[in-house]
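Notes for the one structure printed next.
Numbers restart at 1 for each chain; the letters A, B, ... are given by sequence-line order, proteins then strands. Keep in mind the model is a prediction, meaning the values are calculated, not measured.
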Amino acid sequence: MIRYIYADELHKFPRLAGSMFRDRAAQFRDRQGWDVKVNAAGEERDEYDDLNPLYVIWERADGTHGGSMRFLPTVGRTMVNEHFASLIGGGTVESPEIWECTRFCLAPGAEPRVSAALMLAGGEIMTGFGVKHFVGVFDARMVRIYRLIGAAPDILGTEGAGREAISVGLWHFSPRLQMKVALSAGISAELARSWFERAFGASARRSHAAA
Amino acid sequence: MLEGFFDRVECAATRGDLQSLITDLRDHYGISHIVYHWVNSDGEQWGVGTYDVAWAEHYVKSGYLRVDPVIQGCFQRFHPVEWKRLDWSSKAARALMTEAIEWGVGNQGYSIPLRGPKGQFALFTMNDSCSDETWQGFCDANVRDLLMIAHYFNHKALEFAMPDEEKVQKQLSPRETDALTFLALGYSRAQIAETLDISEHTLRVYVESARFKLGAINTTQAVARALSLGLIVV
């Protein structure tokens, strides 16, 4: 299932959080060879994890991490604006309607539908919180995965090459795409909506069918 | 009306100006209340808005900050919050809502959390008495404008409250400058996207970001502001 958890509540999910940060080490340090910090517990964390971001996490049946991504509003500090300005032609991207999505991570051996489920969760955030766009930091593998499910991001700029390539891109989302992604994930729009409601509280507006 | 509203926020010079702006905004939307509520890290509060002044004073004096689910639900969060989604199950929270309604506060609310330098935290809240369905319609129709208004309002309040903070004039990025320049020249979005070799979706992101930096309610106003500030030249 998908969980939406702000950093200040991760401690309530120790198994899930611990395996997420360890899977991030496995992906970003071990597989992609990025220059990231890994602590003594084998967890990859950076300065943006300290800004109380919102994590969207696929939780497996055994309570461990299957895949995840991290959101911050672009009206505050973001990785794109502080570290990847050159990839967007200089300057910053800032708007209450644009959130940043970083540290997109899949656990080793994650089923293909996990990335589709995470994308559906991104759609829930857009619909539920008035967000129009996600600007993200992606690696080449993620770009490939999303192209396969028909949801390739717009690439604004790329540095590096091969498996070390890092891109800044924009995530599209539309009702048509949502249907397509829901099919890839094998998860109905209603189920995706119910996970969102479970995290943020149900309300009358959610009784409406997927937007 | 909203274009004029943004021009007036730009010119606001006193708290009284903010008070009359927020009252006019409430009248424009035809809802019960709009309130801007600033909370310092040491619990000090101030605000402007259309709640009964006596209710606001009573709220502060009674220390409701500590039991208000809206504050609890927005502090440490960055997503806008519908009051109906919050946890009102505690006795103190229910008592607060009952009392608030006696003071003319509506049962429906939508609060946007705002943050500035040095841990500044504020809320911009729309409030009304209506059905869930009506409120949903209002929020869906206006969330986009309200997000922009809330942030711009906070920006102005920060200027008043922290006059010593160095004011950083928002810089447009090179691609934002390009996008606004072509818009000012009257190009269509499709033409601009083609000229800049980007998708129309990407163009929208640059325009959105520029609009926010310029404190504009729409693209036309963003272009006008950029021209008048000399950020673009055509």
Side-chain angles (χ1 to χ4, degrees), chain A residues 4 6-9 51-54 71-77 80-81 85-86 88-100 125-135 152-157 168-174 196-197 199-208 211, chain B residues 69 73 76-88 108 110 112-116 131-137 139-140 142-152 154-155 170-178 196 198-213:
Chain A
Y4 302 78
Y6 275 91
D8 64 346
E9 299 204 312
L51 301 179
N52 204 30
L54 173 65
F71 289 98
L72 280 167
T74 61
V75 292
R77 289 183 52 201
V80 167
N81 288 341
S86 61
I88 55 172
T92 57
V93 173
E94 293 171 55
S95 166
E97 291 184 291
I98 306 171
W99 284 13
E100 177 185 77
I125 285 178
M126 286 186 171
T127 312
F129 296 149
V131 180
K132 289 283 184 300
H133 315 278
F134 294 138
V135 57
D154 266 13
I155 304 296
L156 302 183
V168 172
L170 298 169
W171 250 18
H172 297 268
F173 203 80
S174 66
F196 184 82
E197 281 178 2
F200 297 109
S203 93
R205 60 188 288 136
R206 295 300 139 202
S207 64
H208 277 235
Chain B
Q76 304 288 10
R77 299 290 173 262
F78 49 79
H79 64 269
V81 164
E82 271 180 83
W83 289 10
K84 281 272 156 84
R85 287 173 169 268
L86 296 168
D87 181 5
W88 295 90
Q108 304 284 1
Y110 189 74
I112 298 169
L114 302 160
R115 271 181 198 80
S131 71
D132 290 350
E133 203 175 29
T134 306
W135 189 241
Q136 174 193 323
C139 294
D140 286 348
N142 297 298
V143 58
R144 191 162 182 262
D145 289 345
L146 291 171
L147 279 173
M148 200 60 79
I149 289 167
H151 280 86
Y152 199 37
N154 191 50
H155 187 75
K170 297 268 186 193
Q171 298 280 326
L172 293 184
S173 76
R175 288 183 190 174
E176 287 162 4
T177 307
D178 289 345
L196 298 177
I198 55 178
S199 73
E200 285 192 50
H201 180 253
T202 299
L203 175 64
R204 273 209 299 283
V205 167
Y206 291 137
V207 173
E208 283 311 314
S209 178
R211 185 167 80 87
F212 173 66
K213 291 174 184 174

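When heavy atoms are compared at a cutoff of 4.5 Å, A:Asp8 approaches chain B solely by way of its side chain, counted from C-beta outward. For chain A, the nearby parts of B:His79 are the backbone and the side chain; heavy atoms of each come within less than 4.5 Å. There is no contact between A:Ile125 and chain B, counting heavy-atom distances below 4.5 Å. Both the backbone and the side chain of A:Leu54 have a heavy atom closer than 4.5 Å to some heavy atom of chain B.
Highest contact tally toward chain A, considering only B:His151, B:Arg115, B:His201, B:Gln76, is held by B:His201 [criterion: heavy-atom pairs under 4.5 Å]. Ranked by heavy-atom pairs under 4.5 Å with chain B, the list A:Gly89, A:Gly76, A:Pro53, A:Ala85 is led by A:Gly89. Ranking B:Thr177, B:Thr202, B:Leu146 against chain A, the residue ahead of the rest is B:Thr202, based on heavy-atom pairs under 4.5 Å.
Note that the OG1 atom of A:Thr92 and the CG atom of B:Leu172 stand 9.0 Å from one another [nearest 0.5 Å].
Between B:Phe78 and A:Tyr6, the angle of the ring planes goes over 60°, which puts this pair in the perpendicular group of the 30/60° scheme.
For A:Arg77, the salt bridge (Lys or Arg N to Asp or Glu O under 4.0 Å) partners two or more places apart in sequence, or in a different chain, are A:Glu47, A:Glu82.
Heavy atoms only, all atoms of each residue included: B:Pro174 and A:Gly91 are closest at CD-N, 4.3 Å.
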Scan the side chains in residues 203-212 of chain B for donor-acceptor partners under 3.5 Å anywhere in the protein, sequence neighbours excluded, and list what turns up.
{"unit_1": "B:Tyr206", "atom_1": "OH", "unit_2": "B:Arg175", "atom_2": "NH1", "d": "2.8"}
{"unit_1": "B:Glu208", "atom_1": "OE1", "unit_2": "B:Arg211", "atom_2": "NE", "d": "3.3"}
{"unit_1": "B:Glu208", "atom_1": "OE1", "unit_2": "B:Arg211", "atom_2": "NH2", "d": "3.1"}
{"unit_1": "B:Glu208", "atom_1": "OE2", "unit_2": "B:Arg144", "atom_2": "NH2", "d": "2.7"}
{"unit_1": "B:Ser209", "atom_1": "OG", "unit_2": "A:Glu94", "atom_2": "N", "d": "2.9"}
{"unit_1": "B:Ser209", "atom_1": "OG", "unit_2": "A:Glu94", "atom_2": "O", "d": "3.3"}
{"unit_1": "B:Ser209", "atom_1": "OG", "unit_2": "B:Glu176", "atom_2": "OE2", "d": "2.6"}
{"unit_1": "B:Arg211", "atom_1": "NH1", "unit_2": "B:Ala216", "atom_2": "O", "d": "3.2"}
{"unit_1": "B:Arg211", "atom_1": "NH1", "unit_2": "B:Ile217", "atom_2": "O", "d": "2.6"}
{"unit_1": "B:Arg211", "atom_1": "NH2", "unit_2": "A:Glu97", "atom_2": "OE1", "d": "3.2"}

